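Everything numeric in this text was worked out from a predicted model, so none of it was measured.
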Amino acid sequence: MDSTLFDPAVPVIIQGITGRAGRTHAQLMQRYGTRVVGGVATSATASREPIAGIPVFASCREAVAATKARASLLMVPPLNVLPAVKDALAGGVELLVCITEGVPVHDALKLVRMVRDRGAVLIGPSTPGIAIPGRMKIGFLPDAALKPGPLGVMSKSGTLSYEVCYRLAQRGVGQSLWIGSGGDPVKGARFADLVPLFQSHAQTQALLVIGEIGGTEEEELAEALIRARFSKPVFALLAGTTAPEGVTMGHAGALIHGTRGTAASKIAALGKAGVRVHATMHDIVEDVARVLAPTAA
């Protein structure tokens, strides 16, 4: 994974900028410091008038040719995600951040393969985005939870990570790089894929993982941490550990298969990798603050 894509100066375009949400978040991202260099219209009939000084193009190919953008935020409806990914890859976009929920599984399978074959990076679908606090954000991570600091964050849950990071920010502990990987069963970058990025990220002194029951992503993460001989402290909080068996709830990817995907299997795997796993939000906030607050001051 190319670490230069996660740079505060990376030029970004927004696919779907002419929609109501696209217009709003384009300006919020721009105000935060993100280099929003262009946008792609939601339809052939949408206006090409600039939005807050941001030029609007008919396709990613045009947008990238004119702006040299390397990243794109996809803010399009579920059935438009696959065509938008094709457009982005055809234009040469290297980092795709897809916030859309409800992408059809068959479409997700296709687009994940396309992105991988092209050598690009996909965050999401169903991600709140990524951020280098104080410098840039691609998506809608809340400003109140963002604070520059030494803690790397990777999370399936948007709202849970907002609350944990907000509480830590109040304790003086901010984030170096925040990546919301999303909770869909079929998605781009998974926790294990992000390990080399956080290992080499000089500003990251420790790593916070917000996971959940179901799926095998946390077990895969544990294996990746061991293989990489990850050298920084890792803290984890797993959502859904008290969920009743057999009840459908939460993310689409929260599926348990046999003995894999259970709270017990994840805790055991992460513990073997040296991760400090916590049962409650209060406990993880206290532990992270105890370790990092002196260096975050």
Side-chain angles (χ1 to χ4, degrees), residues 1-17 22 24-40 50-57 59-76 84-85 87-100 111 114-116 118-125 127-143 145-149 151-155 174-182 187-189 193-204:
M1 186 176 293
D2 185 351
S3 61
T4 65
L5 292 171
F6 299 87
D7 183 277
V10 67
V12 180
I13 58 175
I14 298 175
Q15 292 175 258
I17 194 170
T24 299
H25 288 287
Q27 294 174 72
L28 290 173
M29 286 165 50
Q30 189 180 54
R31 194 178 307 154
Y32 194 78
T34 309
R35 279 189 65 198
V36 182
V37 295
V40 177
I51 295 171
I54 302 168
V56 178
F57 301 90
S59 70
C60 283
R61 191 185 295 274
E62 289 184 18
V64 172
T67 66
K68 310 303 180 188
R70 300 184 68 196
S72 178
L73 174 65
L74 283 70
M75 300 192 73
V76 298
V85 168
D87 185 29
L89 294 176
V93 172
E94 300 167 78
L95 172 63
L96 296 82
V97 180
C98 180
I99 68 168
T100 308
L111 66 88
M114 289 166 50
V115 169
R116 184 180 299 122
R118 194 62 68 93
V121 176
L122 170 65
I123 306 298
T127 173
I130 67 175
I132 300 173
R135 307 289 298 279
M136 74 88 162
K137 67 174 177 178
I138 304 175
F140 55 83
L141 292 166
D143 292 2
L146 294 172
K147 175 182 173 67
L151 184 64
V153 180
M154 60 169 78
S155 175
Q175 313 91 32
S176 52
L177 173 61
W178 184 335
I179 299 178
S181 69
K187 61 183 179 180
D193 301 321
L194 300 172
V195 167
L197 175 63
F198 282 104
Q199 175 78 298
S200 63
H201 195 251
Q203 291 73 33
T204 296

Distance from Phe140 atom CZ to Thr127 atom OG1, nearest 0.5 Å? 7.5 Å
Distance-only donor-acceptor check, side chains Thr34 and Arg135, under 3.5 Å: no
Separation of Met136 CE from Leu146 CG (nearest 0.5 Å): 11.0 Å
Do you know the tightest heavy-atom contact between Thr204 and Gly152? CG2-N, 3.7 Å
Is there a side-chain contact between Leu95 and Ile130 in this structure, where contact means two heavy atoms from C-beta onward sitting under 4.5 Å apart? yes
Apply side-chain contact (heavy atoms from CB on, under 4.5 Å) to the pair Val93 and Ile13, showing each step before the final yes or no. CA-CA 9 Å; Val93 172; Ile13 58 175; 4.2 Å; yes
Which heavy-atom pair separates Ser181 from Ala189 by the least distance, and what is that distance? CB-O, 3.8 Å
Heavy-atom side-chain proximity of Gln175 to Leu177 below 4.5 angstrom: no
Considering only heavy atoms from C-beta outward, does the side chain of Ser3 approach that of His201 to under 4.5 Å? no
What is the distance from atom CG of Leu89 to atom CG of Leu122, rounded to the nearest 0.5 Å? 9.0 Å
Taking all atoms of both residues into account, what is the closest heavy-atom pair of Pro50 and Val56, and its distance? CA-CG2, 4.4 Å
Counting only N and O atoms by type, is there a donor-acceptor contact under 3.5 Å from the side chain of Lys187 to the main-chain atoms of Gly182? yes
For Cys60, does its backbone N or O pair with a side-chain atom of Asp87 as donor and acceptor, under 3.5 Å? yes
In Å, rounded to the nearest 0.5 Å, how long is the span from CE of Met29 to CZ of Arg35? 12.5 Å
Flag the pair Leu74 / Ile99 as yes when at least one side-chain heavy-atom distance between them is below 4.5 Å, and no otherwise. no
Would you mind reporting whether Lys137 and Asp143 have side-chain heavy atoms less than 4.5 Å apart? yes
Nearest 0.5 Å, please: how far is CE in Met154 from CG in Leu197? 8.0 Å
Got a second to check how far Ile132's CD1 is from Tyr32's OH, nearest 0.5 Å? 10.0 Å
Between Val37 and Ala69, the two heavy atoms sitting closest are CG2-CB, 3.9 Å
Does Ser72 reach the side chain of Gln15, with side-chain heavy atoms less than 4.5 Å apart? yes
Do the side chains of Leu5 and Asp7 get nearer than 4.5 Å, heavy atoms only? no
Kindly give the heavy-atom pair with the smallest separation between Ala88 and Leu96, and that separation in Å. CB-CD2, 3.7 Å
Run Phe6 and Ile179 through side-chain contact (heavy atoms from CB on, under 4.5 Å) and show every step you take. CA-CA 10 Å; Phe6 299 87; Ile179 299 178; 3.8 Å; yes
Minimum heavy-atom distance between Glu94 and Asp2, given as atom pair plus value: OE1-OD2, 4.4 Å
State, yes or no, whether a side-chain contact exists between Leu151 and Ser176 at a heavy-atom distance under 4.5 Å. no
